[in-house]
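Okay, so here's the structure we're looking at.
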Number of protein chains: 2
Amino acid sequence: MSAIYRILLVEDEEHLAEVIRLNLELEGYKVIYARDGVEALKMFKEERFNLILLDIMIPRLTGIDVCERIRLENEDIPILFLSAKNTGEDRVRGLRAGAHDYLTKPFNLEELLLKVSILIKMGLKTTGEISSFNNYQLGDQFIDFDTYTITNQEGQIQLTKKEALLLKLLIEKKNQVVSREEILEKVWGYDVFPSTRTIDNFILAFRKYFKENPRDPRYFHSVRGVGYKFTDG
Amino acid sequence: MSAIYRILLVEDEEHLAEVIRLNLELEGYKVIYARDGVEALKMFKEERFNLILLDIMIPRLTGIDVCERIRLENEDIPILFLSAKNTGEDRVRGLRAGAHDYLTKPFNLEELLLKVSILIKMGLKTTGEISSFNNYQLGDQFIDFDTYTITNQEGQIQLTKKEALLLKLLIEKKNQVVSREEILEKVWGYDVFPSTRTIDNFILAFRKYFKENPRDPRYFHSVRGVGYKFTDG
DNA sequence: GCCTATCTGACAGCATTATGACAAAACAGG
DNA sequence: CCTGTTTTGTCATAATGCTGTCAGATAGGC
């Protein structure tokens, strides 16, 4: 089951954009299109992508600005610059801003497709670590991800599938803030967008299971505007 | 605790090789040198590297061959081709063989160093040796952008999202003045214009967190009429 | 069709962020 | 140096918008 990879294409020349989109779609990617910098940032905030193809000369904000802005929030997503400028200077500026690579127009289509594929593959590895522990000791409680149960002095609690997934994700990222977007992507999948309240409900459940005081949680911390963070004790 | 990264340089022109090695060593890398394809493969088998810099036109086996063979055994190690040939064809051939990137001679030295650093960082992530690079040591305080915390002797401070963004921006532009406009654009967004006092409030908070004397700040300097500048120490 | 799991929408409460007032400092020009 | 003007530091308070919470709706498996 290979997922569909999502690419954000930021390019103001409509004709060129159409060519690129067509070719990427032929390769099986889903292409989302933004025609200027502001639109690109908006889309980046709202949706998840596996790769950003970013022209440098675009209306409202340069590609460089867009890239720097994105890098403040997300270090991992691969960014590939497209540009007509091709001096060492320009390429260096792009890379400095946080891009992974730089392709000059006019470009060889096959080269573009190859780079896209390489970068997406890389992105998957950097974000998709699959660690495989299947149980976890939390204080005097014992979480078993094989049987989906929490065991404590008072007995057992059956976790549901989604509960188990989310709990495991948070524990894997112990001590790191996991953004709501990342949670949605990893637990719910790419094209599903349940209301943001849904996540809270699960956290609520966890706090109940582990008998936390929500005003001053020990394990499941909310980080306003971002997501949640699990810490152990 | 930053490890020394090892680079395998495969290049038959001794003079060029020497220039590259010198520059990489200045950046703190350890460079191991091979002058032909067979030697390169042998070294690859015997030692461990973080990156391979591979010229295409080398004696005994081409760079392409070397790359393909390496890829049979190892999918992850970053490979960067160096070559005088610069047609789309050639680059495509290199990427197809399994390289991550392709740089044409004569190249901009800074570009080479940037690409090297990008590829090594990626390699570390894919092999799971480092989860991310999101922290900063400031005196005896430790800023962690994964957890959004500052840790010092007295305990931890939770940063908010905006605080973290602004702090990161200033630290990234260490020793440079960041104008208020740039701050507004990058941290608040292109279409939001909070009163100018707002930024000061955040700086105020930082100075409190890092126990600065506002009359004579060590870290967060105000540059009258322009913006703020972060310096370390 | 029933039962459980999951989702939605409403609302309260509150943390974060923004504002406005004023003091203090920096600067420019005489 | 002095003075008027502008910018920044500081704080109390207001506005905003996110999260906690829950009841009821919906979906999906059997």
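Keep in mind that what you see is a predicted model, and the values were worked out from it rather than measured. In what follows, chains carry the letters A, B, and so on, assigned in the order in which the sequence lines appear, proteins first and then strands, with residues in each chain numbered from 1.
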**Message:** Tell me if the side-chain of A:Asn201 makes a donor-acceptor pair with the base of C:dT8, cut-off 3.5 Å, by modelled atom types.
**Reply:** yes
May I ask you to say what B:Thr198 touches in the nucleic acid, namely base, sugar-phosphate or nothing, with a heavy-atom cut-off under 4.0 Å?
base
Among the nucleotides D:dT21, C:dT16, C:dA21, whichever has the atom closest to the side chain of B:Arg197 is C:dA21
| Polar contact flag, side-chain donor to acceptor under 3.5 angstrom, B:Asp146-B:Asn134 | yes
Atom OH of B:Tyr228 and atom P of D:dT8 are separated, to the nearest Å, by 6 Å
>> We want to know whether B:Glu163 and B:Tyr209 form a side-chain donor-acceptor pair, criterion being a heavy-atom distance below 3.5 angstrom.
In response: yes
Which part of the nucleic acid does A:Val187 contact within heavy-atom distance under 4.0 Å: base, sugar-phosphate only, or nothing? nothing
Closest to the side chain of A:Arg180, out of D:dT21, D:dT19, C:dA26, is D:dT19
| Distance check: side-chain N/O of B:Thr160 vs OP1/OP2 of C:dT17, anything under 4.0 Å? | yes
Rounded to whole Å, the CD1-C1' distance (A:Ile199 to C:dT8) equals 14 Å
Closest of C:dT6, C:dT19, D:dT7 to the B:Arg224 side chain is D:dT7
### Query
Any side-chain N or O of A:Trp188 less than 4.0 Å from the OP1 or OP2 oxygen of C:dC7?
yes
DNA chain D nearest-nucleotide lookup for A:Lys208 and A:Thr196: closer to the 5′ end is A:Thr196
Taking atom types as modelled, is there a side-chain donor on A:Asp232 or A:Tyr136 under 3.5 Å from an acceptor on the other?
yes
A:Leu167 atom CG is separated from C:dA5 atom P, nearest whole Å, by 16 Å
Separation of D:dG9 atom C1' from B:Phe220 atom CZ, nearest Å, is 16 Å
Looking at A:Lys42, I want to see if its NZ is surrounded by more than 12 non-hydrogen atoms of other residues, nucleotides or ligands under 6.0 Å. no
request  = Classify the side chain of B:Asp200 and the base of C:dT19 as holding, or not holding, a donor-acceptor pair under 3.5 Å.
outcome  = no
ask   = Taking it one step at a time, do A:Tyr219 and A:Lys229 satisfy side-chain hydrogen bond (donor to acceptor under 3.5 Å, both in side chains)?
value = CA-CA 8 Å; A:Tyr219 306 125; A:Lys229 177 174 75 170; over 6 Å; no
